[in-house]
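Residue numbers start at 1 and run along the sequence shown.
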Amino acid sequence: MSQAYDRARLIELFGDDAAVVAEIEREFLDTAREAAREIGGTDDLERIAQAAHRVKGASGMIGAEGLRQAAAAVEQAARARDLPAVRRLDVGFSDEVARVAAQVAAS
């Protein structure tokens with residue numbers, strides 16, 4: 001299975017200090033988990049779109065392509081005011097957050 005995010009990109013961006021990289025990983029994971037809770041816990045499509053947008057940007061920065069794509073799809077569905085699609089897409093979004101969590105735990 002491919003990596004959930006590009007750890008080498010984190011090192012390139014933030015340096016080779018293991019403690020710093022670990023902190024960035026934890027912060028990113030916290031952001032992704034918070035967005036997943038927000039997306040799953042509301043029917044407010046604007047809030048959903050904003051949460052997905054935050055994760056989309058951060059994911060792109062660290063090379064978490066699967067999560068970036070899932071967040072983009074959720075954001076697009078929310079902006080289209082399609083709550084049933086958001087709920088369907090949220091499964092893939094949550095799966096990608098879990099993949100990131102597993103990689104962070106293994107690091």
For Glu65, side-chain hydrogen bond (donor to acceptor under 3.5 Å, both in side chains) partners two or more places apart: Arg68, Gln69

Pairs involving residues 45-59, ordered by first then second residue, that meet salt bridge (Lys or Arg N to Asp or Glu O under 4.0 Å) (sequence neighbours left out): Glu38-Arg47, Glu38-Arg54, Glu46-Arg79, Lys56-Glu75

Hydrophobic cluster identity match, Val104 and Phe14, side-chain contacts under 4.5 Å: yes

Counterpart residues, side-chain contact (heavy atoms from CB on, under 4.5 Å), relative to Leu45 (two or more places apart): Ile48, Ala78, Arg81, Leu83, Val86

Partner set under side-chain contact (heavy atoms from CB on, under 4.5 Å) for Ala4, not counting sequence neighbours: Arg99, Val100, Gln103

Results of side-chain hydrogen bond (donor to acceptor under 3.5 Å, both in side chains) for Glu23 - residues two or more places apart only: Arg26

Minimum-distance pair of heavy atoms, taken over all atoms of Ala51 and Ile39: CB-CG1, 4.0 Å

Results of side-chain hydrogen bond (donor to acceptor under 3.5 Å, both in side chains) for Asp43 - residues two or more places apart only: Arg87

side-chain contact (heavy atoms from CB on, under 4.5 Å) against Ala73, all qualifying residues, sequence neighbours excluded: Leu89

In a table with atom names and distances, give each donor-acceptor pair under 3.5 Å that connects a side chain of residues 29-36 to protein atoms at least two apart or in another chain.
unit_1, atom_1, unit_2, atom_2, d
Thr31, OG1, Glu27, O, 3.0
Glu34, OE1, Arg37, NH2, 3.2

Approximate separation, where rounding is to 0.5 Å, of Leu67 CG and Tyr5 OH: 12.0 Å

Interatomic distance, Leu10 atom CG to Ser107 atom OG [nearest 0.5 angstrom]: 9.0 Å

Leu13: partners by side-chain contact (heavy atoms from CB on, under 4.5 Å), with sequence neighbours left out: Arg9, Met61

